[in-house]
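Since the structure comes first, as structure tokens, the remarks are kept for the end.
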Amino acid sequence: MLDIKKIRADFPILNREVNGHPLVYFDNAATSQKPQQVIDKIVEYYTMYNANIHRGVHALSQEATDLYEASREKCRAFFNIPTAKQCLFTFGNTHSINAVASGAHVFVKKGDEVIVSAVEHHSNIVPWQMLCERVGAYLKVLPVMDNGQLDMNAYHEMLNPKTAFVVVNHISNALGVTNPVKEIIAGAHKYGAKVLIDGAQSCGHMKVDVQDLNADFYTMAGHKMCGPTGIGLLYGKEEALNELPPYQGGGEMIDQVSFEKTTYAGLPHKFEAGTPNIAGGIALGAAVDYLNEVGMENIAAYENELLIYGTEQIKTIPGAVIYGDVAAKAAVISFNVEGLHPYDIGTIVDKLGIAVRTGHHCAQPVMERFQIVGTIRASFAFYNTQEEIDVMVQALQRAVKMLS
Ligand SMILES: *Cc1c(COP(=O)(O)O)cnc(C)c1O
């Protein structure tokens, strides 16, 4: 189905050795690797048409602007965003969330409730806490069950006319569990609440159709979908984006400026103050081209095979406990070995060239919920292989032997 050998050849970093061993990169939930096509695009920008965009009449500025806007169009189509002006470039997923939360006082009033799930990344908790403090609203937590799935019965009971905003990730970075976001969105809308979906873990691993989901806002991280760091996307419904005040003031985001009164530019520029990450925006377009060529359905199917194989293999390790071991999930396996500290295991397998994440994964409340200090997290991408999983499991077995 996928020509993995050919795909791997596109990712130069996969050829490197770490601590004298071939690199096995299983930290894709933290950031994905970049194909040569994306790396080349960054170099090409700085080599050929580095200029500021939307400003100059000169040729380089026009070229850079055209490429940047062409990339926006690619991103728009990739996520089925209705219009390019609803496809905002940001500096990353965290920035996208903050852009919404910082202006969300237009949606959330004193005494209202904001629901966040118990499996959120810190970047989808803290901005909402800040909002609640600012306006005098209440933060409510949608609980997670022992199997890692959100407690949807509790959710439906929590919803009430005071619910003003619901924020939840599409896929949890700490557990890999896919959340029933369509049901969450539909439930919130019954009460007139707005919904933001954090798509940092879904954007490079499954086909996302923002119109089908019907969320009011959806955020994406460029660096988790084979693009560079420092670039992200924010989708919003047009009416919601028009209502939302701009996050930052500056150049590019204005219509008219005087000391008496400034009027803002229309979408998307209202939210794109200052010089953006131009190279990153253009290179994200190359990442989207690359993902389209491999095919998101193919990627999702292949990564699911890796998930099933990896789950089986990890279960052969005595004392292994997987958190969020359910059917509907991404290729993220979060686990521990009873009696051993995840950090100790992570350190040993790193010596063998294997990059897994250990710790709380920026989701301390999840760790608290499961009463653990952290987990070992192996997260796969479409350029990984079953052979690499075998190498990891052998290394894990070795680590367990050394430590127990
Ligand atoms: C990575 C991640 C974030 C944070 O994104 P940044 O790239 O650090 O801005 C937020 N939420 C989830 C679910 C993530 O996986």
Side-chain angles (χ1 to χ4, degrees), residues 25-34 38 75 79 88-102 116-130 142 144 148-150 166-181 184 195-206 208 213 215 217-235 247-248 271 276-277 280-281 283-284 287 303 323-324 328-334 355-367 369 374-375 377-381:
Y25 185 77
F26 284 163
D27 196 15
N28 293 286
T31 198
S32 63
Q33 296 303 345
K34 324 301 172 199
V38 169
C75 296
F79 293 110
L88 314 180
F89 279 125
T90 67
F91 292 100
N93 193 67
T94 300
H95 182 201
S96 298
I97 294 169
N98 277 281
V100 178
S102 74
V116 303
S117 95
V119 297
E120 295 311 304
H121 189 286
H122 296 160
S123 83
N124 205 26
I125 299 174
V126 183
W128 303 103
Q129 276 173 326
M130 290 161 68
L142 160 53
V144 60
Q149 288 177 326
L150 296 177
V166 176
V167 296
V168 59
N169 54 42
H170 199 157
I171 294 170
S172 153
N173 66 301
L175 303 173
V177 174
T178 306
N179 292 315
V181 289
I184 290 169
V195 183
L196 177 141
I197 303 295
D198 172 353
Q201 290 299 329
S202 47
C203 58
H205 300 279
M206 60 183 278
V208 172
L213 292 173
F217 300 99
Y218 197 101
T219 67
M220 302 85 162
H223 72 95
K224 292 184 182 176
M225 49 184 285
C226 296
T229 53
I231 189 84
L233 295 170
L234 169 62
Y235 155 76
Y247 174 48
Q248 292 177 314
F271 294 101
N277 181 355
L284 183 57
E303 289 183 359
Y323 304 93
K329 66 179 289 196
V332 175
I333 307 176
S334 204
V356 291
R357 188 73 145 208
T358 56
H360 56 63
H361 318 299
C362 296
Q364 283 174 355
V366 178
M367 303 302 129
R369 166 65 177 77
T375 70
R377 183 185 68 186
S379 52
F380 310 135

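All ligand and atom numbering here is 1-based and tracks the order in the structure.
Under a 4.0 angstrom heavy-atom cut-off, H223 registers as being in contact with ligand 1. Contact between H170 and ligand 1 is absent, with no heavy atom of the residue lying under 4.0 Å from the ligand. The shell of residues lying under 4.0 angstrom from ligand 1, judged by heavy atoms, excludes N124.
A donor-acceptor pair under 3.5 Å is absent between the side-chain atoms of E120 and the main chain of A363, judged by distance alone. With hydrogens and angles ignored, the 3.5 Å screen pairs a side-chain donor or acceptor of D198 with a backbone N or O of A200.
With respect to atom 5 (O) of ligand 1, the closest heavy atom belonging to the protein is N93 CB, 3.5 Å. Atom 1 (C) of ligand 1 has its closest protein heavy atom at K224 NZ, 1.4 Å. Scanning the protein heavy atoms around atom 11 (N) of ligand 1, the nearest turns out to be D198 OD2, 2.5 Å.
Classified by interplanar angle (parallel below 30°, tilted 30° to 60°, perpendicular above 60°), the ring pair H122/H360 is tilted. Aromatic ring orientation, Y218 versus H170: perpendicular (interplanar angle above 60°, classes split at 30° and 60°).
One option in H122, M220, H121 has a heavy atom closer to atom 3 (C) of ligand 1 than any other, and that option is H121.
For CZ of R357, the number of neighbouring non-hydrogen atoms (other residues, nucleotides, ligands) closer than 6.0 Å is 12 at most.
At a 3.5 angstrom cut-off on N or O pairs, Q201 counts as close to ligand 1. Close N/O approach between N169 and ligand 1 is not found [any backbone or side-chain N/O within under 3.5 Å].
For ligand 1, the atoms closer than 4.0 angstrom to any heavy atom of T94 are 4 (C), 5 (O), 6 (P), 8 (O), 9 (O). Interface atoms of ligand 1 facing S123, defined by a heavy-atom separation under 4.0 Å, are 3 (C), 4 (C), 10 (C).
A distance of 6.0 Å or more separates the ring centres of F217 and Y235.
Proximity of H95 to ligand 1, defined as any heavy-atom pair under 4.0 Å, is not found for any part of the residue.
To the nearest 0.5 Å, atom NE2 of residue H121 and atom OG of residue S172 are 10.0 Å apart.
Side-chain contact between V119 and L150: present, with at least one pair of heavy atoms (C-beta onward) separated by less than 4.5 Å.
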